[in-house]
Amino acid sequence: LLASSSATVECSRLGTSVDGTVDLGNNAAGVIITAANNTVRTSLISGNNDDGIRITGVSATGNLIQNNIIGLNAAGTAAIANNDDGVVITQAGQNIIEGNIISGQTGANADGVYILATGATNNIVRGNYIGTDITGTVDLGNARYGVRLEAGADYTVIGGTSATARNVISGNNSQGVALTAVNWSVIAGNYIGVSATGASALLNTLDGILISATSASNSILNNVISGNGERGIELSNGDIRYTTIQGNIIGLNASGTAVIPNGTGAGSDDQGIALAGNATQGSVFTLIGGTSATVRNIISGNTSDGVYISGSYSTSNTIQGNYIGTDITGTIDLGNSNDGIEIQSSSNTIVGNVVSGNNAIGVRISTVAATDNIVRDNYIGTDISGTLDVGNTQDGIDVQAASNTIESNVVSGNNGAGIRLSVAGAVNNIVRNNYLGMDVTGMLALGNNNDGLDIRSGNNTISGNVITGNNANGI
């Protein structure tokens, strides 16, 4: 127990034999810290019958947990489990968890890192291997989440902007990272669901990242989120607002050149990004991507849709400037196994993306609730130059709802129709100023393999489109 400030515990064995190979655990936690500015470093903290390290109380600020092995043997190659969380922070702020191996915890509620309760703000989790062995390549996952934040853990930073700040959060038996009722936190620069090399899967059993409950203004930036058992990123089960998702690779290796799909587990929730809602809860004002190349997401290779938005509550979201279905160059087909984008809600904007190479439809606007969406200035079925065929396997755009606007897109090279208004309820839509079957210059044919525009409903406005070069009818 560290109940006074500015103490250092280092090069110690807490819960094991002297050689770090045998479980001789303490009957409670390995270390409990209730005061400020203490350091625990280069120690082996394993085999204890409660948490490995517990930092608790409003006075326990400014502590440093650094370069320890927590939950494994001294070699970092096999589990000597603590029976609860690896590191838990309760009501304590401004602590740093850095450079540790935090893996192998057991017990029904055992997480790698767990931060919660009022006052647990401004903590940093960086440079750790959470769920792997010491090499970052072997699954020694924690029993539940890799990192879990709950109400009170606002302004947490998981990762950072440098390679040294990167966490590898992989191999865990629930989500890699889970935020529940958490605000203004940042998940940045991590490998989630892949090994430390970024080249192979080391799956978390469920989602890579889950945000749920009433959560606002969280950011998911510049991570590799691939190889997870279910969705790469899931926002669900709450009123989730103003989430920013930028600069991530979702479904590919760290170089963005080969598929490491999310959704390889036993469940059916397997999209790259899912904003999953219903009539009373969902995601609002989410930004996926943005206006510059630096914030572009690469969302490809996933077992189902690239991006999926559902529930009538999930409105006013923006999908902008991403590559969905291609490699990192925007030129090679590494398509998602189902649609590039599927929208089942209203008033969302899809603008400036490359949506190509997917194994079903490029953009599907489905269900009667999916009204008043805007699909504008996208390349759907071509590469980033707008001149080469990287067609989606079925239609470029399929609209199954009313009152949507499809304008100023290049929809060419797809293996079905360019744009299809496919059901009787797809009325009062506007389809204008699109190139259907041509490249971006408007001078070269890049035909869709079926009709340019297939209309199976009434009262739509079709205006200013150039429809040529297709392998069936123009309209």
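Between I324 and S300, the shortest heavy-atom distance links the atoms C-OG, 4.1 Å. Heavy atoms only, all atoms of each residue included: G381 and S356 are closest at N-OG, 2.9 Å. Between N190 and R166 the shortest heavy-atom distance is CA-CG, 3.8 Å. Contact detail for N302 and P261: the closest heavy-atom pair is CA-CB, 4.2 Å. Pairing each heavy atom of Y379 with each of S385, the nearest pair is CE1-C, 3.8 Å. Summarising the geometry of S408 relative to N434, their closest heavy-atom pair is N-OD1, 3.2 Å, with the distance given to 0.1 Å.
A donor-acceptor pair under 3.5 Å is absent between the side-chain atoms of S174 and the main chain of Y145, judged by distance alone. Remark: side-chain polar atoms of D305 are paired, donor with acceptor, to backbone N or O of D339 under 3.5 angstrom. D133 contributes a side-chain N or O that, together with a main-chain N or O of T135, makes up a donor-acceptor pair within less than 3.5 Å. Side chain of S310 to main chain of G277: a donor-acceptor pair is present (N/O by atom type, distance under 3.5 Å, no hydrogens or angles). Using a distance-only test at 3.5 Å, with no hydrogens or angles considered, no donor-acceptor pair links the side chain of D383 to the main chain of G330. A donor-acceptor contact shorter than 3.5 Å links the side chain of N253 to the backbone of T257. Remark: the backbone N or O of N142 is paired with a side-chain donor or acceptor of N172 at under 3.5 angstrom. Under the 3.5 Å distance criterion, the side-chain polar atoms of N183 are matched with a main-chain donor or acceptor of A216. Remark: the backbone N or O of Q271 is not paired with any side-chain donor or acceptor of N262 at under 3.5 angstrom. Between the side chain of S283 and the backbone N or O of T286, no donor-acceptor pair lies under 3.5 Å.
For the pair D451 and I475, the minimum side-chain heavy-atom distance is 4.5 Å or more. Between V186 and L221, some side-chain heavy-atom pair lies under the 4.5 Å cut-off. In this structure the side chain of L453 reaches within 4.5 angstrom of the side chain of I462, judged on heavy atoms. Side-chain contact check for V182 versus D154: some heavy-atom pair is nearer than 4.5 Å.
One finds the CD1 atom of I332 at 8.5 Å from the OG1 atom of T326 (value rounded to the nearest 0.5 Å). Atom CD of E234 sits about 10.0 Å away from atom CG of L275, to the nearest 0.5 Å. Between S236 atom OG and L210 atom CG the span is 5.0 Å, to the nearest 0.5 Å. Here Y242 contributes atom OH and W184 contributes atom CH2; the two are 12.0 Å apart, rounded to the nearest 0.5 Å. To the nearest 0.5 Å, atoms OG (S345) and CG (N373) are separated by 6.0 Å. Rounding to the nearest 0.5 angstrom, the gap separating the CG atom in N359 from the OG atom in S337 is 5.5 Å.
Paired with I406 under the rule side-chain contact (heavy atoms from CB on, under 4.5 Å), one option of V399, N429, V363, N378 passes, and it is V399. Among N448, N449, N450, the one residue that satisfies the side-chain hydrogen bond (donor to acceptor under 3.5 Å, both in side chains) test with N470 is N448. For the side-chain contact (heavy atoms from CB on, under 4.5 Å) criterion with I209, the lone passing option out of N228, N218, I192 is I192.
Judged purely by distance below 3.5 Å, without hydrogens or angles, the side chains of T461 and S463 never pair a donor atom with an acceptor atom. Side-chain contact of N358 with N392: a donor-acceptor pair under 3.5 Å is present, judged by distance alone. Side-chain N/O atoms of S366 and E342 include a donor and acceptor closer than 3.5 Å. Residues S314 and N317 bring no donor and acceptor atom of their side chains to less than 3.5 Å of each other. Looking only at atom types and distance, the side chain of S195 has a donor-acceptor partner in the side chain of S200 under 3.5 Å away.
Geometric assessment of R148 against the ring of Y114 yields a positive cation-pi assignment under the 6.0 Å and 45° thresholds.
The ring-ring contact (aromatic ring centres under 6.0 Å, His included) analysis of residues 388-412, with sequence neighbours excluded, yields no pairs.
Between D207 and R231 no salt bridge is recorded (no basic side-chain N to carboxylate O distance below 4.0 Å). Taking the charged nitrogens against the carboxylate oxygens, D398 and R420 have no contact shorter than 4.0 Å, which rules out a salt bridge.
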